There are 2 protein chains.
Amino acid sequence: MDIRTIAHAAKVSIATVSRTINRVPTVNPRIAKRVWEVIDELNYFPNTQARALVSGRSWILGLIVSEITNPFFPELIQGFEEVAIEHGYEILVSSTNYDPKRMSQCIRRMLERKVDGVAIMTFGIEEPLLDQLAQRKVPMVFVDIGPDQPGVSILKVDYHHGIRQGVQHLAALGHRRIAFISGPMRLHSSLSRLNAFNASLEECGINPNPAWILEGDHTLEGGTAAMQTLLNGGDLPTAVMCSNDMTAIGVLHKMYRAGLRVPDDLSVIGFDDIHIAEVTIPPLTSIQMSRFEIARAAVTALRAQLEDAKDLPHQREFDIRTDLVVRESTSFPRGTMKNLRKAKK
Amino acid sequence: MDIRTIAHAAKVSIATVSRTINRVPTVNPRIAKRVWEVIDELNYFPNTQARALVSGRSWILGLIVSEITNPFFPELIQGFEEVAIEHGYEILVSSTNYDPKRMSQCIRRMLERKVDGVAIMTFGIEEPLLDQLAQRKVPMVFVDIGPDQPGVSILKVDYHHGIRQGVQHLAALGHRRIAFISGPMRLHSSLSRLNAFNASLEECGINPNPAWILEGDHTLEGGTAAMQTLLNGGDLPTAVMCSNDMTAIGVLHKMYRAGLRVPDDLSVIGFDDIHIAEVTIPPLTSIQMSRFEIARAAVTALRAQLEDAKDLPHQREFDIRTDLVVRESTSFPRGTMKNLRKAKK
DNA sequence: TTGAAAGCGCTAACAT
DNA sequence: ATGTTAGCGCTTTCAA
C-alpha cells in the first residue's frame, strides 16, 4: 500500500494526498476530509524513508549520552523521547561509554541515519569530530560548553546554585572539614562542579584541604575507591560532597563496609538526585538537576533551529537550575551532637 | 556527495560502486580496490534511506522495553545496541511504561520506521497489536511467551532454576517462613516467577502462606508498599523473595525505616542482579538473569530470520539461565544464630 | 565483469 | 485548488 492506493481510492492525485497529509492549507477541506477518511480506513501511513529521501528531513533527533547504565541517563532519555515524539520526531540514542572510539562511532551513526539534529549530553565533548556534523549543518545542543558556531545551542547548568546550597547546608550544620569527590577531570562538567564547590567553600570562609579533593569517575566503583583513599588518609573529613549520586552511593557502601555510619561519622551529599537516591540507606541528600528540564530544553533548542514556529525561543543558551534536596545523609559533625546534648542538660 | 561522485572519481559506473559496497563477489578485485580507495579518501557512506527505500531493508532493529528507568533495561539496551551494531544494524528503542496506549504507539513507531525485526522485551505482551507486525512479516522475538507464528522466536527464561536455588539457599539457612513479592500479575513473567517460587517451596517441603504472597509492581515504591503490608500483618516471615531487584531495594528501605535489620530480622532475595545490587546496604543476594545473554539471543534470533548465514541457529526457542548470587542480605533466621552460639559454648 | 536504465514512495516545482 | 512530472540516492534487473 502506498500513496497511489490512497489517491486512487479517494479519486484524487497523489499530489493531493501528499498535500493533505502535510497539511498544506490550499487543499479543499471537503477533499481533505475524504482523503483522511480513506487514510484512516486503510490504516495508511507514509513511508518515512521515501519522505526523508526527497525532503531532506529525516525527522530523527539524535541523542548521545555517556553511559546508559548510569541511572541519570535513562531518566534523561525518557524525557527526551517523550518531548521528541510529542513533536513528531523519532529518536536515535547512542552511548559512548566514555570511549573516544565509540564517540566517533556514535557520530558516524548519527550521520548515516541523517539525524535532523543531535543532542550531545556526554558532559564533555571528547573530540573535534563534531566538525563532521557542523559541516553538514546539523544543529547541535550541548551541556555546559560547546563550539561557538551557528547551529549550536548550549544548556547552561547553574552548578553553582545547587552546590552552594549544599555547602551552606553543611556549613550550617557545623561542618568545616568537607571533602569533594569529582567526576573524571577531563569532563568539563566535572571541573565546573569542582569549581563551584571551591567557590562555595570560600564563600563560607572554609579553607579547602587539597587532600580532600579526590578524582572519581562518576561510577559506583569510583565512589568506593575514592572513599577508600579518604579512609586510608587517616585525617577524615566530616562531610563529603560527590559529583554525582552513583559516586555518593559508592561512598555510602564503603562507609558501611568500614563499619562507619552515615551521617553520624560522615555526612554525604550527592548530585543529580536520581530516583534511587530516595531509598538509599540513609536516603541521600542530593543536588537536583532536572532531567526532564534538560530533555525539554534540548529538544526545544533543536526545534528552534529546525522549524520556524514563532513560539520557539531564539536564543543560543538555555539555563538549567540545580537545587539542594535535603534527606538523611547529612547531619551534624560527630561531637557536635554531644555538645548540644550537654548544653541541653 | 553521492554514489555518482564516487563512480566518477573511480571511473566506473554507479552500479559497480554499489556492487563494491555490497560486496557482490563478481566485481573485479582491482576495480573494487580502486573504488574503496576513493570511498575512503572522500569519506563517503551510502544514504541509508535511499538504500532502504529500494532494497526494502532498513537495517534497523526495534527494541521495546517496559520502562527504561528500571536499571535492568538500560543494561539490556546496552547489550542489544552492542550486538546489533556489531552486525550492522541500527536500533530503535522505545518504552511502554506499562501503558497500553504507549505500547500501541511503540508498535506504530516500529512500523513507520520500517524496522527489519523487533524484540519485545516488555515481559508480557499487552495487546494483539502484534498482528500489524505479523501481517507485514516483521520477525519478532519475545521473552517467555509469544504467539505461535512463523517469524516469532521466544527467549525462554528458566526462572525455576535460579528461584529454586534461592529457596533452597533460604531453606538451608533454616528459613521456613518465606514471603514472595511478585511483579504485576498481568505480566506473564511475574506469574512464572511466582509459580517457580511456589514449586520450589513445595520441593523443600515448605507450606506456603497465602498472606505472604503479595503483589508488587517491579518498582521501588511497590517494594516499600508490599513490605509495609507485611509489617502491618503482624505475623512476619523470616525471609522474603522479590520478583525483581527494585522491589528488593524498596524492601530494604522499608526495613530500614521500620528500624529492623536485614538480614538479622529478615532475609531478602532480589531478582535480576542489576549492577547496583552489589552496593545496596547490605549487598543484595539476588538471582541473576544475564542481560547480555538476553540481548545477544534476541539479536541472534532476529538475524536468523533476516539473514541466511549458515552459522545462524534455526530454532524457535532460546534458553536463558538464571542463577543465584549470594551476597549479604540473607542469613539465618533470627533465633537460630543464638542457638548456634549456645551450641558452640 | 560491467554499464544503462527502471523504479522504490514520496515531495515540490510547474502547469493547468 | 488540483494534477503532472522530475527526481531524491540507491539497488537491481537486463543487456552487452
Side-chain angles (χ1 to χ4, degrees), chain A residues 1-36 38-39 42-60 88 90 111-116 136-137 306-308, chain B residues 1-36 38-39 42-60 88 90 111-116 136-137 306-308:
Chain A
M1 171 166 40
D2 61 11
I3 199 173
R4 259 170 288 267
T5 321
I6 306 301
H8 192 253
K11 301 195 200 317
V12 290
S13 72
I14 60 164
T16 300
V17 176
S18 174
R19 289 192 196 101
T20 305
I21 290 172
N22 293 297
R23 304 206 131 78
V24 174
T26 60
V27 237
N28 180 322
R30 285 175 40 198
I31 293 188
K33 186 164 177 290
R34 198 168 77 219
V35 172
W36 279 119
V38 174
I39 288 174
L42 299 184
N43 200 17
Y44 163 83
F45 51 86
N47 180 318
T48 49
Q49 32 221 34
R51 199 198 268 244
L53 184 59
V54 54
S55 70
R57 297 271 272 112
S58 65
W59 287 92
I60 299 176
E90 192 45 80
L111 253 18
E112 288 192 347
R113 295 291 165 172
K114 296 242 178 325
V115 295
D116 285 343
R136 283 159 228 237
K137 304 214 182 305
L306 259 15
E307 305 167 21
D308 42 33
Chain B
M1 171 167 41
D2 61 12
I3 200 172
R4 258 169 288 264
T5 321
I6 307 301
H8 193 254
K11 300 197 201 317
V12 290
S13 71
I14 61 166
T16 299
V17 177
S18 174
R19 289 192 194 100
T20 306
I21 290 173
N22 294 297
R23 309 204 125 80
V24 172
T26 61
V27 225
N28 181 323
R30 287 177 38 202
I31 294 189
K33 186 163 178 290
R34 200 169 76 219
V35 172
W36 279 119
V38 174
I39 288 175
L42 298 184
N43 200 18
Y44 164 82
F45 50 87
N47 180 318
T48 50
Q49 33 221 34
R51 199 197 268 244
L53 184 59
V54 56
S55 71
R57 298 267 273 113
S58 65
W59 288 91
I60 299 175
E90 192 46 79
L111 254 18
E112 288 190 348
R113 294 292 165 172
K114 297 242 176 324
V115 296
D116 285 343
R136 284 160 227 236
K137 304 217 180 303
L306 258 15
E307 305 167 20
D308 42 33

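Just so we're clear, the structure is a prediction, and the values are computed from it rather than from any experiment. Residue numbers start from 1 in every chain, and the chains themselves are labelled A, B, ... in the order their sequence lines are given, proteins ahead of strands.
Residues A/Ser58 and A/Ala52 approach most closely at CA-CB, 3.9 Å, considering heavy atoms.
The structure places CH2 of B/Trp59 at 10.0 Å from CZ of A/Arg113, a figure rounded to the nearest 0.5 Å. With values rounded to the nearest 0.5 angstrom, A/Gln49 atom CD is found 8.0 Å from B/Thr48 atom OG1. Separating the OG1 atom in B/Thr5 from the OH atom in B/Tyr44 is a distance of 8.0 Å, to the nearest 0.5 Å.
Residues from residues 5-21 of chain A with heavy atoms under 4.0 angstrom of DNA chain C, sorted by number: A/Ile14, A/Ala15, A/Ser18, A/Arg19.
Taking A/Leu53 as the reference, B/Asn47, B/Ala50, B/Leu53 meet the side chain to side chain contact (heavy atoms under 4.5 Å, CB included) condition, with sequence neighbours excluded. Checked against side chain to side chain donor-acceptor pair (under 3.5 Å), A/Glu112 has the following partners two or more places apart in sequence or in another chain: A/Arg108. B/Thr20 is linked by a side chain to side chain contact (heavy atoms under 4.5 Å, CB included) to B/Thr16, B/Val27, B/Ala32, B/Val35, B/Trp36, counting only residues two or more places apart in sequence or in another chain. In this structure, B/Asp308 has no side chain to side chain contact (heavy atoms under 4.5 Å, CB included) partners at least two apart in sequence or on a different chain. Evaluation of the side chain to side chain contact (heavy atoms under 4.5 Å, CB included) rule for A/Val54 yields no partner, not counting sequence neighbours.
Taking a heavy-atom distance under 4.0 Å as the criterion, the stretch of DNA chain C touched by chain B extends 5' to 3' from C/dT1 to C/dG9. Put simply, chain B comes within 4.0 Å of DNA chain D, heavy atom to any atom, from D/dG9 to D/dT13, going 5' to 3'.
Residue pairs meeting the salt bridge (Lys or Arg N to Asp or Glu O under 4.0 Å) criterion with at least one partner in residues 19-35 of chain A, sequence neighbours excluded, are A/Lys33-A/Glu37. Screening residues 2-15 of chain A for salt bridge (Lys or Arg N to Asp or Glu O under 4.0 Å) gives A/Asp2-A/Arg4 as the qualifying pairs, with residues at least two apart or on separate chains. Identified under the salt bridge (Lys or Arg N to Asp or Glu O under 4.0 Å) test for residues 42-59 of chain B, with sequence neighbours left out: B/Arg57-B/Asp116.
Position along DNA chain C of the nearest nucleotide to B/Ile31 versus B/Leu53 favours B/Ile31 as the more 5'-ward residue.
End-to-end axis angle of the helix from C/dT1-D/dA16 to C/dT16-D/dA1, using five pairs per end and rounding to 10°, comes to 40°.
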